[in-house]
There are 2 protein chains.
Amino acid sequence: MYIYANVCYSFMKKSRTTLKDLAKELNLSASTISRALGNHPGISETTTKLVQQKAEELGFIPNSIASSFRKKKTRSIGIIVPRIDIYFHSLVISGIEDFAYKEGYNVTIFQSKDLLKREQEITKILQNKMVEGVIVCLSIETDKYDHFKKFKRLGIPLVFYDRVPTGLDVNSIVINDFESAFTATEHLITKGCKRIAHIAGNQSTAIFKSRFEGYKAALKKYKLNFDANLVGQTHNLSYEEGIIQASRFLKQTDLPDGIFCANDYTAVSALQVFMKAGVKIPDETAIVGFSNYPISRVIEPHITTINDRAYEMGAEAAKLSIRLIEDEEESIKSETISLKTELIVRESSLKNC
Amino acid sequence: MYIYANVCYSFMKKSRTTLKDLAKELNLSASTISRALGNHPGISETTTKLVQQKAEELGFIPNSIASSFRKKKTRSIGIIVPRIDIYFHSLVISGIEDFAYKEGYNVTIFQSKDLLKREQEITKILQNKMVEGVIVCLSIETDKYDHFKKFKRLGIPLVFYDRVPTGLDVNSIVINDFESAFTATEHLITKGCKRIAHIAGNQSTAIFKSRFEGYKAALKKYKLNFDANLVGQTHNLSYEEGIIQASRFLKQTDLPDGIFCANDYTAVSALQVFMKAGVKIPDETAIVGFSNYPISRVIEPHITTINDRAYEMGAEAAKLSIRLIEDEEESIKSETISLKTELIVRESSLKNC
DNA sequence: ATAATCAGTGCAAACGTTTGCATAATGTAA
DNA sequence: TTACATTATGCAAACGTTTGCACTGATTAT
């Protein structure tokens, strides 16, 4: 006795309709179809209409892989960021995606997780001609740049943002950290602060070094003493490190009457540590942060901070990248675009003076 | 007199070395090269070594477009999110990217910007066989799902997360919002709250409706009155809307002694509005939020909240998507994975009872 | 010694689209 | 009418890789 089973091959390849199918259907050549769909001027209007209608009817979907392969254009951009879930980067990516979308490009994202090794792996993947341009924010570990050299040889334009290679001739989008920090510190000074502390980021990273320099330059300009005891070095500007440094400031015999923090997280720490100790913010100590994180406009008192233009940075990066992709005569010169930041004044620095 | 210029065509196509180049160089056929590079068992060890060494030497980079084209496999996944710069989504994407990267897939990201029309456009783009799987969080406007149907016909597996189509048989990763809200409310009740308010999200969105239902169910179980005056409906759970609703609660003759908020932003609003009015948190009014945003563990008092497992949600979505892509016999059944949430108890609900 | 097996390699087609060039059909000017 | 320009379409190659099949020469089994 035998039992016959009726097997249903649900996975049978649903083969798509191709150009050729359409061609056969309409008794035209594949080339005519291709041109008609692309609104090529050489094709008569009637044929064009006919083809487009039939394509719609048969649910024709062009195989963009085949097209990319033939045209050697993928219309896609690769992005390497340390992590996506850092607010700053998510904003930048949003700016990139928005601009790229408008221009008909799509974006493929990779996280280096701040590991040099992973960053190197990713560059290898991206070189397989999957992307026409690459936008990068370096991992914190990155201290050599050989893995990026191949892109140049392959004619794939590279744009860096925020954390950019030092001493190299590259395209980059940055803000002027020095100037921004100077402005922030100056703001505290004009509000009457005389003894201004700084919570600093990792000094091996150029941007945090610049912020520190900007702070010192402002002090110098207004002839205020620089006191090393009023500088709290941190490794990664975390909330917890901010608490440690602010607590250290609190132990000084002479309290600082202003604190410029290299980011908003540590500004929150400083705010909370000082308030808990009974120090009045901003009247006894004013506080300025950096980056305009969402929390800065929510925590009380709201924190004065620097708008670091993350979204615009992304949009500019995409714009530059696409220009470099599409420019016939690939420019030899590299470009650095520096975005104007903006001081957002809120309660945390509004002392009556 | 003539001046001769030496023109340097810097844009001359730097043509890559191809398989054929390698083949010619080594007097082997392209197929042998291809197999050797893929460590095909049919090729002798000596030849394999030889080829790989030469490939390295000539800086051969496989053209993955050609490979994708031939193999009909792109190893890439498309993601559609409302916006990248919402912390929740950036976490989910991080989870997706991490898992996908480990499996050798890459991810291409699109933002619907919460617009149905843009979502529809994106689905069209994604159907061009650029991706093998698609992961989606619906736009807030989306109330019809026809634009997703083509994916099924094309055999491209679709996985939804968080905001998923209602009444449709789809793959999805969600948390149990009902149960989570129930737990959160129950927590307030066991802390002694008798008059519990709720700041609710848009009730046309399933997840916020479920949270509201969970809140009501907990009240019912513990025989507490449901008071419509203690429910603040919002459109998008923004910080500002939270302030409006919390202020409304404050005007009641009988203040709520507990507030369950459908997200952490509105929990912050409630916290601040009540504190400013001199209400002691948590002793007079306890507060619980939802989603475990970074701010909830930073603001003082720290906010009790629900960990909504965003990262894990992404990882699970990627895992399911890849399984569906690689499974030969494309399963007919669709799957819904519900992740366990977790109540994170912090100061804002720790009243002495 | 013959047949069968097997390891190692090559041939050639295929994937679906695009595009330079050729061709056919029509219109226009001399 | 002839020559030429114009318009609309088709032909066929190309993009670089992968893969089924065929082939060769060597080894093993009968």
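Because only heavy atoms are used, hydrogens play no part in the values below, and waters and symmetry mates are left out as well, while side chains stay in. By convention in this document, chain letters (A, B, ...) are assigned in the order of the sequence lines, proteins followed by strands, and residues within each chain are numbered from 1.
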- Task: Run the numbers on B/Asp85 and A/Tyr311 for side-chain hydrogen bond (donor to acceptor under 3.5 Å, both in side chains), then give the verdict.
- Result: CA-CA 9 Å; B/Asp85 56 354; A/Tyr311 180 91; over 6 Å; no
- Give B/Ser44 one of three labels, base, sugar-phosphate or nothing, depending on what nucleic acid heavy atoms sit under 4.0 Å from its own. sugar-phosphate
- Assign B/Ile65 to base, sugar-phosphate, or nothing according to its heavy-atom contacts below 4.0 angstrom with the strands shown. nothing
- State which residue, out of B/Thr166, B/Val170, B/Val164, fulfils the side chain to side chain contact (heavy atoms under 4.5 Å, CB included) condition with B/Leu168. B/Val170
- Query: Taking the nucleotide of DNA chain C with the closest heavy atom to each, which residue, A/Pro62 or B/Gly42, is nearer the 5' end?
  - Reply: B/Gly42
- Task: Would you kindly give the CD-to-P distance between A/Gln127 and D/dG16, to the nearest whole Å?
- Result: 18 Å
- Item | Among A/Leu19, A/Ile43, A/Leu28, side chain to side chain contact (heavy atoms under 4.5 Å, CB included) partner for A/Val51 | A/Leu28
- Should the ring pair B/Phe148 and B/Phe160 be called parallel, tilted or perpendicular, given that the plane angle runs from 0 to 90° and is split at 30 and 60? perpendicular
- Do the numbers put A/Arg118 on top of the ring of A/Phe110, so that NZ or CZ is under 6.0 Å from the six-membered ring centre and no more than 45° off the axis? no
- Message: Can you measure B/Asn27 atom CG to C/dC11 atom P for me and round it to whole angstrom units?
- Response: 11 Å
- Task: May I have the distance from A/Leu19 (atom CG) to D/dA14 (atom P), rounded to whole angstrom?
- Result: 20 Å
- Query: For B/Ser67, which contact category applies under a 4.0 Å heavy-atom criterion: base, sugar-phosphate, or nothing?
  - Reply: sugar-phosphate
- Closest to the side chain of A/Leu28, out of D/dT9, C/dT19, D/dT17, is D/dT9
- Would you indicate which nucleotide in D/dT9, C/dT19, C/dT17 comes nearest to any side-chain atom of A/Thr18? C/dT17
- A/Lys24 NZ - D/dC11 P separation (whole Å): 13 Å
- Can you check the B/His40 NE2 to C/dT9 P distance for me, whole Å? 11 Å
- Query: Rounded to whole angstroms, how far apart are CG on B/Leu22 and P on C/dG10?
  - Reply: 13 Å
- Query: What nucleotide among D/dA12, C/dG10, C/dG16 has an atom nearest to a side-chain atom of B/Phe69?
  - Reply: C/dG16
- Task: May I ask you to evaluate whether B/Thr32 reaches the phosphate of C/dG10, defined as a side-chain N or O under 4.0 Å from OP1 or OP2?
- Result: yes
- What is the nucleic acid contact for B/Ser34, judged by heavy atoms within less than 4.0 Å: base, sugar-phosphate only, or nothing? base
- Message: Does A/Lys72 reach a base, just sugar-phosphate, or nothing at all? Heavy atoms under 4.0 Å.
- Response: sugar-phosphate
- Message: Using a 4.0 Å heavy-atom cut-off, does A/Ser64 contact any base of the nucleic acid, only the sugar-phosphate backbone, or nothing at all?
- Response: nothing
- B/Arg70 CZ to D/dT17 P, straight-line distance once rounded to whole Å: 13 Å
- Note on the structure: Separation of C/dG8 atom P from B/Arg35 atom CZ, nearest Å, is 13 Å
- Less than 3.5 Å between a donor and an acceptor, one on the side chain of A/Ser31 and one on the base of D/dC11, is that the case here? yes
